[in-house]
Amino acid sequence: MKRIALLLSLLVPITLLADETCMSPYMAKIVGQEDFVYVWTLGVVGIGDEQDKLVTVSVNPNTDSYGKVIHSLSVGGRNEAHHSGFTDDRRYLWASGLDTSKIFIFDVHTDPAKPRLHKVIENFVSMSGGVVGPHTSYALPGRMMITGLSNNKDHGGQTGMVEYTNAGDYVATYWMPRDGALNGAEKSGKFAGGYGYDLRAFPRRNVMVTSSFTGWNNYMMNIGAMMASPEAMAQFGNTVVIWDLHARTPKKILDVPGAPLEIRCAWGVKNNYCFTTTALTSEIWLIYEDENLEWQSKKVADIGDASKIPLPVDISITADDKLLWVNTWNDGLTHLYDISDPHHPVQLFEDKIGEQVNMVSQSWDGQRVYFTSSLLTNWDKTESTGADLQYFKIYDFDGKKLEHKLTIDFLAEKLGYPHQMRFGAYSLYGMKAPQEVSLSSAS
Amino acid sequence: MRLLPFLVLTAAVVTVDIFAAPHQRQVNAVLAPGYGDLEFIPPAPGSYRLPVLGQAADAKLVDSKGDSLTLYDLIGDKFTLLSFIYTSCSDVNGCPLASYVMSRVQRRVMTDEALKDLVRLVSFSFDPANDTPEVLEQYAGHFRKPGSDWHFVTADSADELNAMLEAYDQFVIREYDQEGNLLGSISHILRVYLIDHNREIRNIYSVSFLHPDTVINDIRTIVGRNLAEIVAGNYPGNPREE
């Protein structure tokens with residue numbers, strides 16, 4: 001009887017949690033309403049202190065500070081701030097710079113309203129053996145996997161992934177497979193360029209998926225000059241790589257022409273597929289495991305009019321795997337696709353968010369959608385002015401349409417160019433909100 | 001041992017949100033892979049590297065017999081699987097998962113001539129106030145087979161506990177009700193460590209990654225190629241590892 005009693009105690013249900021849908025799934029999530037959005041922001045010459053900074057926005061509508069910047073932590077220079085990711089215990093946020101290859105590790109648990117700089121990794125290039133441009137910070141158990149975009153030999157697109165412990169100690173480098181150095185991978189199509197960009201993982205299938213963009217020479221170049229250069233435009237990745245997650249070895253290189261960027265994988269336990277979008281050809285591609293347990297890639301939809309170069313950037317999949325937000329940076333549109341049939345996405349609507357739009361993050365329940373504008377310092381638009389150029393925006397989503405709630409003009413606030421967003425909450429750390437505010441997540 | 005079959009049976013019908021923060025989970029999603037068969041063929045032992053993830057820290061412990069010892073004493077020259085648990089944990093994908101998977105590893109190790117004298121299992125409780133030696137011994141009875149090399153321990157002081165949690169990056173939160181009363185439950189991120197005979201951490205497993213098949217393969221990988229020599233007490237080092 002004692003054993004049965006023990007078992008019953010094991011099976012007692014406890015409460016629900018939620019969070020944005022774009023992170024490593026193997027970490028804690030936020031209950032319902034998030035309290036903060038951390039915006040990793042590019043420092044810009046002539047704007048405020050001109051430094052990269054982590055900007056904390058209060059986003060809980062039940063607080064007096066809702067919609068306000070409540071904290072800003074500058075990191076002492078400009079690094080081409082770009083992406084960020086939490087450790088698996090969500091106590092630290094790793095945010096990297098594509099230009100300087102520095103990685104800033106912020107403590108977001110001691111006081112979630114006021115992140116503090118915990119550590120800076122300054123030897124990423126030398127320790128990794130030449131990887132440049134840390135991009136995605138992806139949580140694995142007790143460690144972080146960082147994708148690179150470039151290398152220190154020619155600053156082109158051949159690159160690798162770099163593994164660290166949560167403490168910030170270097171573990172290993174894994175180079176992207178390429179012609180002449182496939183490292184055991186099967187080249188299933190025409191391309192094997194060795195490029196890198198984003199990363200997601202399916203532990204239940206022992207699969208890691210990486211995408212491909214371009215090297216330092218291009219992402220730090222003026223976008224007009226780059227697009228006018230056939231040589232530069234030839235230096236983009238055209239592949240997605242399937243890895244053995246446990247062994248950290250590449251297994252299969254899939255053709256996905258046109259610079260496949262963000263990867264978002266389905267959440268359902270039977271849904272062994274991911275989506276990516278191609279920046280140069282404006283398409284949605286499905287990366288999926290077929291009935292023979294072979295991973296494949298195929299184009300499943302167009303995004304806008306490719307001849308107008310809408311430039312798909314960030315995407316976000318809903319927690320039920322039924323909807324996919326797709327931002328096109330150049331025209332400032334967000335597109336919502338029905339992906340109930342992942343092989344045949346159907347666009348439901350598109351909506352203008354701003355002069356340009358890059359990142360999109362949604363709450364786990366999908367009811368709140370957040371957007372920021374910036375792509376890269378030397379690619380961002382500068383010709384227009386006003387709150388729709390460099391912004392952080394909050395929308396409500398009722399399942400059919402977006403309702404704009406709030407805009408923070410990052411230029412008017414003298415902050416810089418806002419890039420990636422990550423959510424924070426007191427409840428993650430067993431904390432209650434301070435007395436002067438009442439937060440629903442703590443109730 | 002009725003517990004293990006019961007857990008396997010419930011795996012088909014009970015689902016828990018394994019992605020949720022431990023203190024705020026609901027029965028809603030999926031039981032952890034460690035309760036069932038692995039959905040993939042893991043890479044063969046020795047076909048991959050397990051780079052060193054750092055040095056395992058020492059700590060002063062008390063075991064389920066009430067005896068004092070250190071973690072280094074316990075690790076000795078063994079390949080050690082170290083889990084962080086507390087015995088009243090009610091999250092089926094938390095501590096019970098760790099203990100269940102370790103029990104499956106235990107069975108495999110005990111019947112493997114090459115491994116049975118090389119591998120040690122250690123379950124460390126981060127709730128010494130409640131997990132007294134007597135409670136640990138009772139808990140061990142649910143999982144430990146007679147003759148197995150599995151130790152149930154806790155810290156011998158609050159300072160040792162805090163140092164242990166810090167060293168192993170184990171974030172725990174004691175949970176309170178609305179009135180501020182301790183509930184007795186502790187939120188934590190499940191972590192199980194694989195530590196080699198040099199006290200170096202070689203892998204860390206969490207809910208989605210912890211499975212006896214991969215653990216056994218990892219042990220075989222870091223033990224090295226020449227198991228016969230190891231068993232004979234003539235350990236040649238670890239020829240496959242840098």
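What's counted below: heavy atoms across the whole structure, side chains too, no hydrogens, waters or symmetry copies. We name chains A, B, ... by the order of the sequence lines, and we start the count at 1 in each one.
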So, do [X] and [Y] sit near enough that their side-chain heavy atoms are less than 4.5 Å apart?
X      : Y      : answer
B:Y205 : A:P141 : no
A:H246 : B:Y48  : yes
B:P43  : A:N206 : yes
B:R191 : A:D88  : yes
B:F209 : A:L140 : yes

Which answer fits B:D218, side chain, backbone, both or neither, if we ask what part of it has an atom under 4.5 Å from a heavy atom of chain A?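 It is the side chain, since no backbone atom gets that close.
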
Main-chain N/O of B:E39 paired with A:R205 side-chain donor or acceptor, under 3.5 Å: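 Yes, the answer is positive, given that a donor and an acceptor are paired below the 3.5 Å cut-off.
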
So does B:I204 get a backbone contact from the side chain of A:R143, meaning a donor-acceptor N/O pair under 3.5 Å?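 Side chain of A:R143 to backbone of B:I204, a donor-acceptor pair under 3.5 Å: yes, one is there.
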
So does [X] have more than 12 non-hydrogen atoms from other groups sitting under 6.0 Å from [atom1]?
X      : atom1 : result
A:L293 : CG    : yes
A:K119 : NZ    : yes
B:E166 : CD    : no

To the nearest 0.5 Å, what is the distance between [atom1] ([X]) and [atom2] ([Y])?
X      : Y      : atom1 : atom2 : result
B:L53  : A:Y164 : CG    : OH    : 14.0 Å
B:F171 : A:N166 : CZ    : CG    : 13.0 Å
B:S208 : A:L245 : OG    : CG    : 10.5 Å

Do you know which two heavy atoms are closest between A:L428 and B:I173, and how far apart they sit?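 Distance-wise, the nearest heavy atoms are O-CD1, 3.6 Å.
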
Kindly determine whether A:D89 and B:H188 satisfy side chain to side chain contact (heavy atoms under 4.5 Å, CB included), including the steps that lead there. CA-CA 9 Å; A:D89 57 11; B:H188 66 108; over 6 Å; no

So which part of A:T165 gets closer than 4.5 Å to some heavy atom of chain B, the side chain, the backbone, both or neither?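 When you check distances to chain B, only side chain atoms of A:T165 fall under 4.5 Å.
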
